[in-house]
Structure formats: C-alpha cells, structure tokens
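Report on the following structure.
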Amino acid sequence: MSTPFESAKLHDCRDAFTGVLEELGAANNDIVAVCNDSVGSSKLGNFRDMFPERLINVGIAEQNMVGVAAGLANGGKIPFVCAASPFLTGRALEQIKADVAYSETNVKLVGISSGMAYGELGPTHHSIEDFAWVRALPNVPVVAPADRIETAAAVRWAAGHKGGCFLRLSRVGVPDVLPDGHVFRLGKADILRDGGDVTIVANGVLTHRAIVAADILKERGISARVINMASVRPIDADKILQAAKETGAILSCEEHTIFGGLGSAVAEVVVDMHPVPMKRLGVPGVFAHTASANTLLDDFGMSPEAIAESGSELLKRKE
Amino acid sequence: MKPQELATLANSIRRRDLQAVFEAGAGHIGGEMSVIDILTALYFQVMSVHPENPLDPKRDRLVLSKGHTALALYVVLSERGFIRKDEISSFLQHHSRLNGHPNCVKVPGVETNTGPLGHGLPVGVGMAKAAKLNGDSWRTFVVAGDGEMQEGSNWEAIMAASHFKLDNLTLIIDHNRLQQGARLADTNNLAPLAPKLESFGWAIEEIDGHDMELICLALSLQTVTKGKPKCVIAHTNKGQGVSFMSDNVAWHHKVPNKEQYRQAMAELTDTVQ
C-alpha cells in the first residue's frame, strides 16, 4: 500500500510551523526568519507579508544563510533558519558546527521537507543523513515532530529555548497522533500505545505508521508499545531502558539511513544499559530508487504491515 | 590614541605575541605580525567596546575571520583589559581557554568562534543586519586573510552585504600576499581584489596596512559611503617587523629558535625607538 491513511485527515506540518512562527513573530520583534530562496517551500509567504523586514532571504547560499543567522543571534535576534533539510544540513554543516554549535548561538535550524519527502526528485534532495550529521554535534538538540500538534509544540519550545536546535520537519501529510494541547519537552518521549511484548520506537512521519503496526500486531495477539521519540538528541534514555526491561525487544523505524540516526541512538542506550534484541528499520545504506515519499517508505520495509511483521519476527529472538 | 602611540603599542603587542609563540612552541607568527596593526587600531582607536561589560548590546563587533591568528587577538584583548595580561603565558597550555583559535564562549571580547576559513564575513553580515533591524548605530568589522578570500562562502556574504546595503559593515582584508603553502599569485591569485569587490557593489579603499594614520582614517565613520558595505584592502607584510620573517612564506607557522627569537626581539625593540 502506498498511502495507508485517509487523505482527508492528513496535515502538512509546515502549516503548523509557520502558523506558530507568525504568532511568535507578532508577539516578539526579535523573531526573524532566514531563508535561501525558500519562501514558498518553507511556506513563509504570510510571515513575509506580515513582517517584510524580518524575512531575511539571502538567496541560494546556505553557508551564508547559517552564518548570517549566527550573526543575527549575536545581535540579539532569534533567527529561524528555514530551508530544505538536505541543503541546510549538508551544505552548511560546518557553519552549523562552528557558528551555531561551538559558538553556542541562539539559532533555530528548521529543516523542511526532510527525509525522503521530495520522493521522485531523488537522493540529492533526500535528507536521510541529517540526524547523524547534526546528532554528532554538541549544543544542537535534534527534534523530529510526528504531527502538526507536536510540530506546533516544538516550535514554541524552540523559540523559548536558549541556544541552537534543529527541527526536522516534513511536507508529507500525516494524521494527528498526539493529543491537543500537547507540550513538547526536550529529551522526553511519549508512550502513545502501551504494550508488553515488543516496543516500536519511531518519530516524524513514521510514528503514525508505527501506531497502525501496533494495531495490526494487536489483532495477532501481540502487545506492542509505541514510543514517539521526537527528541533524538538528547534522547529519552529512561524510556528506552524501561522498554528494554519491560518488553525485552525494540524495533526502531525512521525516515533516515540506518547508519547513525534514531535507531543508532536507541541502540547506543540499549547496548550501554540493557542489551535486548533490536531491529533497526530505515533506509539500508543506499541511495533510494525513484518513487514517491510514501512508496519509498513502503519499499524499504516500513509499511505498517511490514513494520508489524518485523516486530513479530523480533519476538522470536527474545529469550 | 595618536597614530604614533598606536604604533608603539602595536610593537609591544608584537613582542608579546612573539614571546608567546616562542614559549608555546607554536602559533601563526607570520599572519599575526601582519594583522596586529589593524587589530590595535580597531581596539584602541576605532571601536567602541567595554571590557567591563563585554556583551553590552550596543558594542561594536570585531570578527577575526582569520582565526588562526588568535594569539594576536588575545594579546590585544589583554592589553585592552578583557582578559588579564599574565594569562597570555597560558597560550596553548593544557586546559587553557586560549587555544589556537578563539572561543567566544570562554574568552570575553571574542564574538564568534572562527578557525575554519570563510566563516567570519557571513556572521558579520548577520550582525550588521541585526543592527539595521534595531535601528542601532553600532558597527561590525570583519578581518579576513587574503588567502581566505578563496572561500566561496565569503563571496556569498559579499553579495548579501551589498544587497542589504550594510554600510555599518567593514571588511578588512589583511592582504599579505601569502597563504599557508605558497604565494597567492602561485596558488589561486585573487589580485587585484578591489575591482572584484567593487563590481559586487562595495565601497573600496586600499591602504598601507601598517600605517596607523591611514588605518584609523579608513576605518573611521566619516569615510563610510552611505548604503554600501566597505572593504578596506590593507596591504601588509606577513611577518611585518622582523626582517627574516617578512614576506617569507616559510614563516606561516614556523617557530623561531633561540637565536632567531633574540634577533626578532631586537629588531622589534629597535623599531619602537
């Protein structure tokens, strides 16, 4: 199945992001947006119309974009850098390291259309390495919200957080999975389904698929816990440890290469604290073939059915 | 300060820098000697900075994009009162906050962390833009090496500064004609720099980067062109002040032996008188 969800209930998280950004901008003159000719793809049109002076478009120049944001922060501004995630994190990684992370500047990096959201445009436009790249840096929390509710909550958190951060957003429609009024807490995961046989850890667009997978497993008599791990760094080690002890098996799924992303971050905790059987679903270290974003997730073994199947297989490895 | 006093001060800063390189057994002596006159003029004549309140929001900003010459900045900051003078002897020592490239988190007076080249000017553009947004009059100065202008990120920032009409931003290019491994002319020659920057919409001034009077004048507010960022191309010598280092590519980060140290100190002392 290519799109396992009813389209009427799907929401583009970019709308939640810009909605909150506009609201924050109205309340605080220091909020500025910095972009690389990405007004349309970041949905910054309203922000630009509301605060024309505060939309700083540097053109197609990502290194300069991040450096400029660091300078704006030095001058007391709260810049939200909005750009396609592959170019923001790939092209400007050294600026993120030196100007944001190491210099400890108050720069909010917002990677739009992350993962394989650009689908058929191909691997140059996929951002399936960004967790690994940014997670390796101190001082830049990495956050991948699961739906529009968590996106809005994470943007509010980011604006109030003293220091840099990386919000990894998608343009692929997802249904609501978190309750209204959800408050984002850095380093704290949310258990969206409780269960005792196996734990599925996911974030971003994968969280909903993980929930559907848990429902499928339930029909088969398997009780799966679903943890939404938006905060990849710092990660919620307590909930991972608890899941390892209580369910004895952990399945991770992410819209990212399996090298260095969410699954790796979970595995680091599991290996250090309480080794149990684990399986990491994601892109298996290849450049993706041509397909839409949702089809690629299916093709890489992350349809809800395939996630459920992996969970069921993992159970066999338990003692 | 008068130009002669600034020159005398710069010379004592050169001696302190040289001593620290000799004692630490490392440093970037050539580029430090070439940039010290510029930094001295900025901190003791041109910029409004406040050692007692280093993060005063209205302070002028200096970004040392050629971060490998951090020691020169440390000595200037110590002379200006941002850090203690005796701390210079900790340069590169175990756990010292004075490492080979400046750290704004640890060292008061440092504005942003540099080291990888081509980072300072984009950050400077952001600073200048912040001042414009606030309607503030504080100024931003970026000191870059000439070899560093080979970095594409600088040219991204050059375009943006001009487009944003940042006349509160001044780029000073320490044009000593040498990069780490060879002369610019033999590597990727950017000379002449002036017409390139001019064609990008910048106001340009070329000066002798070791003449204090000219440095101070070129960096003064009255020589700013309204609506245009300014680039001061400071023609300097790598290793300025020490005959055997001057304009010699071997002295990018060479450390003098005892005899060379004695001779260099003697030459720098002579210059003062």
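The chains referred to below are lettered A, B, ... by the order of the sequence lines, with proteins before strands, and numbering in each begins at 1.
Within a 6.0 Å radius of NZ in B:Lys165, no more than 12 heavy atoms belonging to other residues, nucleotides or ligands are found. Other residues, nucleotides and ligands place no more than 12 heavy atoms under 6.0 Å from the NZ atom of A:Lys97. The 12-atom threshold is not exceeded at CZ of A:Arg91, counting heavy atoms of other residues, nucleotides or ligands nearer than 6.0 Å. More than 12 heavy atoms of other shown residues, nucleotides or ligands fall within 6.0 angstrom of atom CG in A:Leu121.
The distance from atom CG of A:Asn64 to atom CG of B:Asn154, rounded to the nearest 0.5 Å, is 9.5 Å. Distance check, rounded to the nearest 0.5 Å: OG of B:Ser153 to CD of A:Glu94 gives 8.0 Å. Here the CD-CG distance, from B:Glu111 to A:Asn74, works out to 5.0 Å after rounding to the nearest 0.5 Å. With values rounded to the nearest 0.5 angstrom, A:Glu53 atom CD is found 6.5 Å from B:Leu133 atom CG.
Within residues 98-106 of chain A, the residues approaching chain B closer than 4.5 Å by heavy atoms are, in numerical order, A:Ala98, A:Asp99, A:Tyr102, A:Ser103, A:Glu104. Residues of residues 152-166 of chain A lying under 4.5 angstrom from chain B, judged on non-hydrogen atoms, do not exist here.
Of the listed residues B:Val63, B:Asn103, B:Val110, the one with more heavy-atom pairs under 4.5 angstrom with chain A than any other is B:Asn103. In terms of heavy-atom pairs under 4.5 angstrom with chain A, the leader among B:Thr112, B:Thr114, B:Asn113 is B:Asn113. Per-residue counts of heavy-atom pairs under 4.5 Å with chain A were compared for B:Lys106, B:Met127, B:His101, B:Glu156; the largest is that of B:Glu156. Options B:Gly126, B:Gly124, B:Gly115, B:Gly120 differ in how many heavy-atom pairs under 4.5 Å they form with chain A, and the most are formed by B:Gly126. Most heavy-atom pairs under 4.5 Å with chain A: of the set B:Leu121, B:Val105, B:Val125, this distinction falls to B:Val105. Options B:Gly118, B:Pro122, B:Ala160, B:Ala130 differ in how many heavy-atom pairs under 4.5 Å they form with chain A, and the most are formed by B:Pro122.
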**OP:** Please lay out, stage by stage, how A:Gln63 and B:His119 fare under the test side chain to side chain donor-acceptor pair (under 3.5 Å).
**Re:** CA-CA 8 Å; A:Gln63 300 179 70; B:His119 280 245; over 6 Å; no
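For A:Asn29, no part lies under 4.5 angstrom from a heavy atom of chain B. At a 4.5 Å heavy-atom cutoff, A:Val34 makes no contact with chain B through either its backbone or its side chain. Using a 4.5 Å cut-off between heavy atoms, B:Trp155 makes no contact with chain A at all. There is no contact between B:Ala131 and chain A, counting heavy-atom distances below 4.5 Å.
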Would you tabulate the side-chain donor-acceptor contacts of residues 77-88 of chain A under 3.5 Å, counting partners in other chains and residues two or more places apart, or write 'none'?
residue, atom, partner, partner atom, Å
A:Lys77, NZ, A:Asp30, OD1, 3.0
A:Lys77, NZ, B:Asn134, OD1, 2.6
A:Ser85, OG, A:Ser127, OG, 3.4
A:Ser85, OG, A:Asp130, OD2, 2.8

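Listed by chain and number, the residues in a salt bridge (charged side-chain N to carboxylate O under 4.0 Å, His left out) with B:Lys129 amount to none (sequence neighbours excluded).
Panel note: side chain B:Arg61, backbone A:Gly71; no donor-acceptor pair is recorded below 3.5 Å.
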